Student: 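The structure that follows is given in the form of structure tokens.
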Amino acid sequence: MKKSTLSDPFKEARESKGFGEMDDQNDPVVMVLGHKDVRKCAHNWKTFQSGGDEVGRIVVPSEVHIRNTRQIPFEVDPPEHKSYRDLVEPWFKRPLEANYQAKLTQIINNVVDEALNKGTLEVVEEFALKLQSRALTLLLNIPFEESDLWISWGTHVFRSEDTALDGDKANILYDYIDAQIDKAIENPGNDLYSVLLASEINGKKLTKEEVKGVLILTFAGGRDTVINAVTNAIAYFADHPKSLQRLRDEPEILNTAIEELIRYFSPLTQMGRVVTENTHVCEHAIKAQSRISMCWASANRDERVFENANDVVLDRKVNPHVAFGFGTHNCLGATHARQIMKILLTTLAEKVGTMEIIKCKENIEDLDEFKRKVGFDSIHVTFNKL
Ligand code: EMZ
């Protein structure tokens with residue numbers, strides 16, 4: 001098996017019963033596995049709730065013990081959700097602007113040049129984390145230098161090497177955001193903090209806590225997900241030099257190739273919901289106040305929807321993947337993430353001839369019944385110039 005392969009541990013359960021079960025800190029989760037069921041649950045926000053009193057409970061692993069601030073708009077249900085979403089949406093669509101793309105191209109060019117000059121490097125820390133943090137300065141519209149600090153935090157703001165939930169680490173992020181909010185109050189600029197602080201919903205200014213909620217989501221939600229997507233892309237093209245050549249020969253497939261890689265990688269395995277009433281999923285009874293999750297990674301390998309679901313088909317025509325979620329809460333950062341992938345693939349095709357994986361350590365998520373490889377803890381790769 002190639003090093004870049006991400007297999008589908010959910011197949012058996014998905015095809016035989018449609019769901020799986022895992023224990024998460026003594027708060028069980030029924031994992032919905034089929035594409036159609038996942039979309040149905042994501043659509044039904046009344047029964048499968050994102051808001052509710054227990055902030056952080058929809059995340060798997062649950063963040064109730066390490067977070068009190070509600071992430072916005074992610075942990076708010078309709079109808080309130082819409083006002084928040086409408087407010088932040090235009091800002092998160094800025095990656096479509098030429099000026100933004102030019103700056104992002106420069107950031108990615110530099111990271112790729114650094115790799116080519118170095119020759120061999122560890123891609124998670126020295127490539128993907130750097131790229132993600134530097135790109136985040138554009139999304140927040142703050143000085144580039146700030147990324148040095150974020151890079152020093154490592155790949156996940158809530159997880160550390162020996163624990164899936166690290167409260168001390170999370171506090172570093174919360175304190176940092178609090179301080180940045182205070183700075184923006186004193187000295188407003190054109191950054192996301194200042195823009196949010198100046199915004200109103202229904203004639204009322206956003207509170208500091210609300211601004212913090214948007215910022216925590218921006219920092220946490222787009223961190224390991226982007227890092228996994230970037231790292232997996234490097235591993236994939238290292239293993240498949242012909243695919244990189246194909247991007248050079250047929251640049252018109254770029255957009256479909258990106259969607260296909262994102263489907264295949266599914267950087268976010270699942271997202272939970274709290275059930276508001278006794279109900280059924282896949283003919284399985286679910287009690288009110290318990291949790292389900294929509295397993296995007298499993299839905300994206302559903303053979304009823306994707307032919308040869310375990311293959312990367314770079315020009316796959318119909319690709320209704322749910323890697324960015326589905327429905328009300330579909331990923332706010334998707335525009336930024338897609339631009340990162342687009343510019344990354346273009347730059348690799350332009351500058352890199354071949355890449356060789358020297359050694360790697362897989363990042364395996366332990367979901368009880370299922371063990372899912374979501375990427376790498378570390379991966380050493382040699383980059384060769386074109
Ligand atoms: C949450 C989540 C959002 C969560 C798109 O996903 O990402 C996770 O990595 C965070 O831990 O808090 O932001």
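A quick note: this is a predicted structure, and the numbers were derived from the prediction, not measured. Whatever order the structure lists them in is the order used to number ligands and atoms, beginning at 1. For reference, positions follow the sequence shown, starting with 1.
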Student: Number the atoms of ligand 1 from 1 as they appear, then name those within less than 4.0 Å of a heavy atom of Glu63, with their elements.
Tutor: 4 (C), 10 (C), 11 (O), 12 (O)
Student: May I ask you to check if Arg301 and Tyr264 form a cation-pi contact, with NZ or CZ under 6.0 angstrom from the six-membered ring centre and within 45° of the axis?
Tutor: yes
Student: Sequence neighbours excluded, which residues qualify as side-chain contact (heavy atoms from CB on, under 4.5 Å) partners of Glu97?
Tutor: Arg94, Tyr100
Student: Closest by any non-hydrogen atom to atom 3 (C) of ligand 1: pick that one out of Gly333, Gly221, Pro61.
Tutor: Gly221
Student: Show the atoms of ligand 1 that are less than 4.0 angstrom away from any heavy atom in Leu217.
Tutor: 13 (O)
Student: How does Gln71 reach ligand 1, by side chain, by backbone, by both or by neither, if only non-hydrogen atoms under 4.0 Å count?
Tutor: side chain
Student: Which pairs of donor and acceptor atoms, one on a side chain in residues 283-296, lie under 3.5 Å apart (sequence neighbours left out)?
Tutor:
| residue | atom | partner | partner atom | Å |
| --- | --- | --- | --- | --- |
| Ser290 | OG | Lys287 | O | 2.6 |
| Arg291 | NE | Asp27 | OD2 | 3.1 |
| Arg291 | NH1 | Asp24 | OD2 | 3.3 |
| Arg291 | NH1 | Arg57 | O | 2.9 |
| Arg291 | NH1 | Val59 | O | 3.4 |
| Arg291 | NH2 | Asp24 | OD2 | 2.8 |
| Arg291 | NH2 | Asp27 | O | 2.7 |
| Ser293 | OG | Gln270 | OE1 | 2.7 |

Student: Measuring only between side-chain heavy atoms, which start at C-beta, is Trp153 closer than 4.5 Å to Phe219?
Tutor: yes
Student: Do me a favour and list the nearest non-hydrogen protein atom to atom 5 (C) of ligand 1 with residue, atom name and distance?
Tutor: Leu268 CD2, 3.9 Å
Student: State, without any angle test, whether Ser298 and Arg14 hold a side-chain donor-acceptor pair at a distance under 3.5 Å.
Tutor: yes
Student: Report the part of Asp224 in contact with ligand 1, treating N, CA, C, O as backbone and CB onward as side chain, heavy atoms under 4.0 Å; options are side chain, backbone, both, neither.
Tutor: side chain
Student: Compute the centroid of each ring, for His35 and then for His321, and state whether the two points are separated by less than 6.0 Å.
Tutor: no
Student: How far is atom 8 (C) of ligand 1 from the closest protein heavy atom, and which atom is that?
Tutor: Ala220 O, 4.2 Å
